[in-house]
Amino acid sequence: QVQVVESGGGLVQPGGSLRLSCAASGGTFSSYAMGWFRQAPGKEREFVASISWTAVTTYYTDSVKGRFTISRDNAKNTVDLQMNSLKPEDTAVYYCAAGSRKGPYIGSYYSRAGNYDYWGQGTQVTVSS
């Protein structure tokens, strides 16, 4: 059983930056792909970014490419999401998730919420002036 806890959300002005962190415990962190998803009010949860267990490969949804960067530290059991050039449409609750390894890392596979096994409670990000 893996527990994941997000932190780092808050209120930021458009064009600003935030760094989200996710701490995992209770399992072998390096055997999980990690992902970030978000859910805005009245909308379905959507994929943001994922990273392979070795941190070699990352995958992003088109709307955040060039602005967001996902990274992980397997020694500290953490995964971060650096968010730059934030826009009001980035406002959402951001969730961290862990997906067990089922084969080679494929970005599109880990863009689907159903392929993750463990989820955090979420952290609110609000982009507003």
Side-chain angles (χ1 to χ4, degrees):
Q1 188 78 11
V2 176
Q3 293 82 41
V4 292
V5 179
E6 305 94 338
S7 62
L11 173 64
V12 63
Q13 292 186 342
S17 298
L18 273 179
R19 189 176 184 89
L20 304 183
S21 293
C22 173
S25 61
T28 304
F29 182 71
S30 59
S31 66
Y32 289 89
M34 299 299 294
W36 285 95
F37 290 74
R38 64 188 180 186
Q39 187 167 18
K43 295 187 176 181
E44 294 187 351
R45 189 173 298 188
E46 66 169 352
F47 168 76
V48 176
S50 68
I51 188 166
S52 64
W53 30 84
T54 61
V56 170
T57 308
T58 58
Y59 189 74
Y60 298 91
T61 192
D62 286 345
S63 63
V64 308
K65 285 180 181 177
R67 300 190 298 123
F68 291 11
T69 302
I70 188 171
S71 61
R72 69 188 292 164
D73 186 334
N74 285 347
K76 296 181 179 179
N77 289 5
T78 58
V79 58
D80 291 345
L81 185 69
Q82 177 66 42
M83 305 185 296
N84 299 328
S85 302
L86 283 161
K87 305 174 181 180
E89 51 264 43
D90 294 318
T91 295
V93 177
Y94 283 70
Y95 297 89
C96 176
S100 59
R101 182 172 182 171
K102 299 178 178 67
Y105 173 84
I106 299 174
S108 58
Y109 179 86
Y110 287 105
S111 70
R112 295 191 283 272
N115 292 329
Y116 286 82
D117 305 287
Y118 305 102
W119 292 82
Q121 294 300 307
T123 185
Q124 176 70 46
V125 172
T126 303
V127 185
S128 175
S129 55

[X] to [Y] - nearest heavy-atom pair and separation:
{"X": "S71", "Y": "I51", "answer": "CA-CD1, 3.7 Å"}
{"X": "T123", "Y": "L20", "answer": "CG2-CD2, 4.0 Å"}
{"X": "Y32", "Y": "A98", "answer": "CD2-CB, 4.0 Å"}
{"X": "W53", "Y": "S30", "answer": "CB-O, 2.9 Å"}
{"X": "G107", "Y": "S50", "answer": "O-OG, 4.4 Å"}
{"X": "C96", "Y": "V79", "answer": "SG-CG1, 3.8 Å"}

Take atom CD of Q121 as the centre, draw a 6.0 Å sphere, and report whether it contains more than 12 heavy atoms from other residues, nucleotides or ligands. no
Taking everything shown except K76 itself, do over 12 heavy atoms lie less than 6.0 Å from its NZ? no
Side chain to side chain contact (heavy atoms under 4.5 Å, CB included) between Y105 and T54, worked out: CA-CA 10 Å; Y105 173 84; T54 61; over 6 Å; no
Looking only at atom types and distance, does a side-chain atom of [X] sit under 3.5 Å from a main-chain N or O of [Y], one as donor and one as acceptor?
{"X": "Y116", "Y": "Y110", "value": "yes"}
{"X": "E6", "Y": "G122", "value": "yes"}
{"X": "R72", "Y": "S52", "value": "yes"}
{"X": "N115", "Y": "Y109", "value": "yes"}

Hey, any chance [X] and [Y] share a hydrophobic cluster, counting ILVMFWY side chains that come within less than 4.5 Å of each other, even indirectly?
{"X": "F37", "Y": "V125", "result": "no"}
{"X": "I70", "Y": "V93", "result": "no"}
{"X": "L81", "Y": "Y59", "result": "no"}

Can you confirm whether [X] sits close enough to [Y] that some side-chain heavy atom of one is under 4.5 Å from a side-chain heavy atom of the other?
{"X": "T91", "Y": "Q124", "answer": "yes"}
{"X": "S17", "Y": "V12", "answer": "no"}
{"X": "C22", "Y": "V4", "answer": "yes"}

Any chance the side chains of D80 and Q82 put a donor and an acceptor closer than 3.5 Å? no
Please evaluate residues D90 and K87 with respect to the criterion salt bridge (charged side-chain N to carboxylate O under 4.0 Å, His left out), reporting the C-alpha separation (whole Å), side-chain torsions for both, the decisive distance (0.1 Å), and the verdict. CA-CA 5 Å; D90 294 318; K87 305 174 181 180; over 6 Å; no
Atom CD of Q3 and atom CG of N77: how far apart are they, to the nearest 0.5 Å? 11.5 Å
Supply the atom-to-atom distance D73 CG to F29 CZ, rounded to the nearest 0.5 angstrom. 8.0 Å
I'd like a table of donor-acceptor pairs (distance under 3.5 Å, sequence neighbours excluded) in which one partner is a side-chain atom from residues 42-49, with atom names and distances.
residue	atom	partner	partner atom	Å
E46	OE2	R38	NE	2.6
E46	OE2	R38	NH2	3.2

Any chance you could lay out the side chain to side chain contact (heavy atoms under 4.5 Å, CB included) test for S128 and L11, step after step, and finish with the verdict? CA-CA 7 Å; S128 175; L11 173 64; 4.2 Å; yes
Summary of ring-ring contact (aromatic ring centres under 6.0 Å, His included) pairs that have at least one residue in residues 65-98, sequence neighbours excluded: none
Let me see the working for T78 and S21 under side chain to side chain contact (heavy atoms under 4.5 Å, CB included), right down to the final yes or no. CA-CA 7 Å; T78 58; S21 293; 6.0 Å; no
